[in-house]
Amino acid sequence: MSESRSWTYRDAGVDIDAATEGLSKVKPQLRRTFGERVLTDIGSFGGLFDAKFPSVDHPVLVSSCDGVGTKLKLAFATGRHDTIGADLVNHCINDILVQGAKPLFFLDYFATGKLSSDTVAEVVGGMARACEAEGVALIGGETAEMPGMYADGEYDLAGFIVGMADKSRLVIGDRIQPGHKLIALPSTGLHTNGYSLAQKVAFDVAGHSPQTKLDELGGESLGDALLRTHRCYLRPVMRVLEATDEVHGMVHITGGGLYDNIPRVLPSGCRAVVDGSSWQVPPLFRLLTEWGNVPPKERFRVFNMGIGYVLIVPESKVSDVCQQLRDSGEQPWELGGIEEGETGVTILGVD
């Protein structure tokens, strides 16, 4: 060839400027999450965080990473991207909260085939609002544009969190014993689990759309009900932990539901017995399980069924802990108890 075309990254499908433009829209929100412990600005190769904890005898770092699963598909279908970032942050905070850790900083990974600066701004803006609300620094992240890796308009999302707890105040389940009680806190909806089944039965089996409004949901659209933000339990739970050291175990009810998550904190020889009549399953879960004719045990393994968080305390502390939670605006209830037996969960009325 006598003359060759000049190719650019943009010609290959990567628009570096789109990411820069998207992040520039939320820079003020990101900086509001920083606080005096963050020692770097947006765009540094690594985020620096001052790790001095003079008031803590033995600080222990607690970390976790997670995603929001196929709830993303619902965001794509509805064009709503302003809540999915908060889902991610709150999920990660709850995961380290169960061990008594206060979150310090958060990082995200956003990957897509073709970047939309508006979508980046909505998603990261949602993360920033959630971090600011809970006093967490959104210290850094990665925005990756990879042509051909994702369908048009789709992206993937992951979050990484680091928190801290005093070693003497860690909650790791080792003090749980028969006679302890389970205290439940309600979820706001599906949170970030069960969406593959939920969307299958709602849209493919029942024939609804995200825009369908249902009387059972008080006239709320199905899309809005399914996109309810995964709530954060940090403030009410920390209020309890600061008042007492008698919370011996905590559980974030995520993938696997009550059956798979409660055993993660139980010592050998302890079995959780849940009273299946102690709460009223919210309408959204009843609809989904009816549309899909979902077997009872499957319901409690796939969905949280209205329970987002569980505390395990001695029987003598149930009243005090419940009152502290109510003082924080929560509506706790006694879910069941711990009995001697093979490690696992029995749900009365289901098993």
Side-chain angles (χ1 to χ4, degrees), residues 23 26-68 84-110 123-143 157-173 191-192 229-245 247 249-252 254 264-265 308-309 311 328:
L23 292 175
V26 293
K27 274 189 177 181
Q29 288 177 270
L30 297 177
R31 289 197 177 102
R32 285 202 298 269
T33 72
F34 280 9
E36 61 184 17
R37 285 184 174 272
V38 178
L39 307 180
T40 46
D41 200 359
I42 299 162
S44 300
F45 282 97
L48 301 183
F49 190 89
D50 187 341
K52 288 183 178 179
F53 305 105
S55 62
V56 178
D57 293 332
H58 190 154
V60 174
L61 296 181
V62 184
S63 62
S64 185
C65 67
D66 220 312
V68 292
I84 208 78
D87 288 322
L88 182 64
V89 170
N90 292 343
H91 185 134
C92 288
I93 289 175
N94 293 338
D95 275 354
I96 63 170
L97 176 62
V98 300
Q99 292 169 308
K102 291 183 178 180
L104 300 174
F105 57 86
F106 181 84
L107 302 97
D108 73 278
Y109 175 75
F110 179 103
V123 174
V124 178
M127 293 182 208
R129 287 192 298 274
C131 283
E132 184 179 10
E134 304 302 338
V136 183
L138 208 173
I139 202 170
E142 166 68 0
T143 305
L157 201 59
F160 310 85
I161 195 163
V162 174
M164 185 276 296
D166 191 326
K167 187 176 181 181
S168 66
R169 305 281 291 184
L170 283 170
V171 182
I172 56 176
H191 283 181
T192 50
T229 303
H230 188 143
R231 64 166 301 201
C232 183
Y233 296 94
L234 178 64
R235 293 180 184 276
V237 171
M238 269 299 164
R239 177 172 181 161
V240 172
L241 297 182
E242 289 167 357
T244 180
D245 63 355
V247 176
M250 294 187 287
V251 186
H252 183 202
T254 59
R264 295 169 69 177
V265 304
Y309 201 90
L311 300 89
S328 296

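Distance check: Phe53 CZ to Leu104 CG gives 4.5 Å after rounding to the nearest 0.5 Å.
Within a 6.0 Å sphere centred on CZ of Arg264, heavy atoms belonging to other residues, nucleotides or ligands number 12 at most.
The main-chain N or O of Ala128 is never found under 3.5 Å from a side-chain atom of Thr33 such that the two would form a donor-acceptor pair. For Asn90 (side chain) and Leu234 (main-chain N/O), no donor-acceptor pair under 3.5 Å exists by modelled atom type. For the pair Ser64 (side chain) and Ile96 (backbone), a donor-acceptor distance under 3.5 Å is absent. Using modelled atom types, no side-chain atom of Asp166 and backbone atom of Val56 make a donor-acceptor pair closer than 3.5 Å. For Arg37 (side chain) and Lys52 (main-chain N/O), a donor-acceptor pair under 3.5 Å exists by modelled atom type.
Inter-residue side-chain proximity for Ile93 and Phe106 is flagged as unmet; no heavy-atom pair is nearer than 4.5 Å. With a 4.5 Å cut-off on side-chain heavy atoms, Met127 and Leu157 count as touching. Looking at heavy atoms from C-beta onward, Asp95 lies out of side-chain contact with Ile161 at the 4.5 angstrom threshold. Between Leu107 and Ile139, some side-chain heavy-atom pair lies under the 4.5 Å cut-off. Counting only heavy atoms from C-beta outward, the side chains of Phe34 and Asp41 approach each other to under 4.5 Å.
Taking the six-membered ring where tryptophan is involved, the planes of His252 and His91 are perpendicular, since the angle between them exceeds 60° and thus also 30°.
Residue Phe49 comes nearest to Val38 through the heavy atom pair CD1-CG2, 4.2 Å, listed as atom of the first residue, atom of the second, then distance. The two residues Gly308 and His191 have their closest heavy-atom pair at CA-CE1, 4.1 Å.
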